[in-house]
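Step one of this worksheet: look at the structure below.
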Amino acid sequence: MPNHPNRGAHSAASNPEPAAITAAREAAGLTQSRAAALVHANLRSWQKWEGGERSMHPAVFELFMLKTGQQALEVLPRA
């Protein structure tokens, strides 16, 4: 689905790095299973995000940060 309106809406540079994902989860004191459940993902997806095998969408990372009460690492300017 390359022409889907939700594809390519963000740059790859805005995806959180695996180390940032791991650090955020550890700061929240959660296991990978609990972190995945918090954002409605499965354990394997979370493992791939932390392992760098897959990129986490910025919206998922933002949801995780909001739900765990952590401050976002980067705030994008409003258009």
Side-chain angles (χ1 to χ4, degrees):
M1 275 196 268
N3 294 328
H4 191 277
N6 292 336
R7 303 263 180 208
H10 69 282
S11 69
S14 65
N15 294 89
E17 293 293 323
I21 298 167
T22 303
R25 176 183 60 79
E26 290 175 348
L30 297 174
T31 64
Q32 288 180 329
S33 294
R34 284 294 305 136
L38 195 62
V39 295
H40 308 284
N42 61 46
L43 172 60
R44 189 65 190 125
S45 290
W46 194 276
Q47 290 170 334
K48 287 182 177 185
W49 290 330
E50 283 193 14
E53 297 173 52
R54 233 175 118 182
S55 294
M56 178 186 273
H57 192 283
V60 175
F61 190 63
E62 184 176 357
L63 176 65
F64 180 78
M65 298 300 277
L66 288 169
K67 285 186 148 188
T68 59
Q70 297 182 64
Q71 186 173 359
L73 299 176
E74 180 182 331
V75 177
L76 299 175
R78 291 181 183 220

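Please read these numbers as outputs of a predicted model, since none were measured by experiment.
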Enter the distance from [X]:[atom1] to [Y]:[atom2] here, rounded to the nearest 0.5 Å.
{"X": "Glu50", "Y": "Thr22", "atom1": "CD", "atom2": "OG1", "result": "3.5 Å"}
{"X": "Ser33", "Y": "Leu38", "atom1": "OG", "atom2": "CG", "result": "12.5 Å"}
{"X": "Gln70", "Y": "Phe61", "atom1": "CD", "atom2": "CZ", "result": "7.5 Å"}
{"X": "Glu62", "Y": "Met56", "atom1": "CD", "atom2": "CE", "result": "12.0 Å"}
{"X": "Asn42", "Y": "Lys48", "atom1": "CG", "atom2": "NZ", "result": "8.5 Å"}

How far apart are the closest heavy atoms of [X] and [Y], and which atoms are they?
{"X": "Pro18", "Y": "Gly52", "value": "CG-CA, 3.6 Å"}
{"X": "Met65", "Y": "Gln71", "value": "CE-O, 3.1 Å"}
{"X": "Ser55", "Y": "Asn15", "value": "CB-ND2, 3.8 Å"}

Worksheet item: Only one of Gln32, Glu26, Arg34 forms a side chain to side chain contact (heavy atoms under 4.5 Å, CB included) with Leu30, so which one is it?
Response: Arg34
Item to complete: Evaluate the side-chain proximity of Trp46 to Phe64: yes if any heavy-atom separation is below 4.5 Å, no if none is.
Response: yes
Fill in: More than 12 heavy atoms from other groups under 6.0 Å of CZ on Arg44
yes
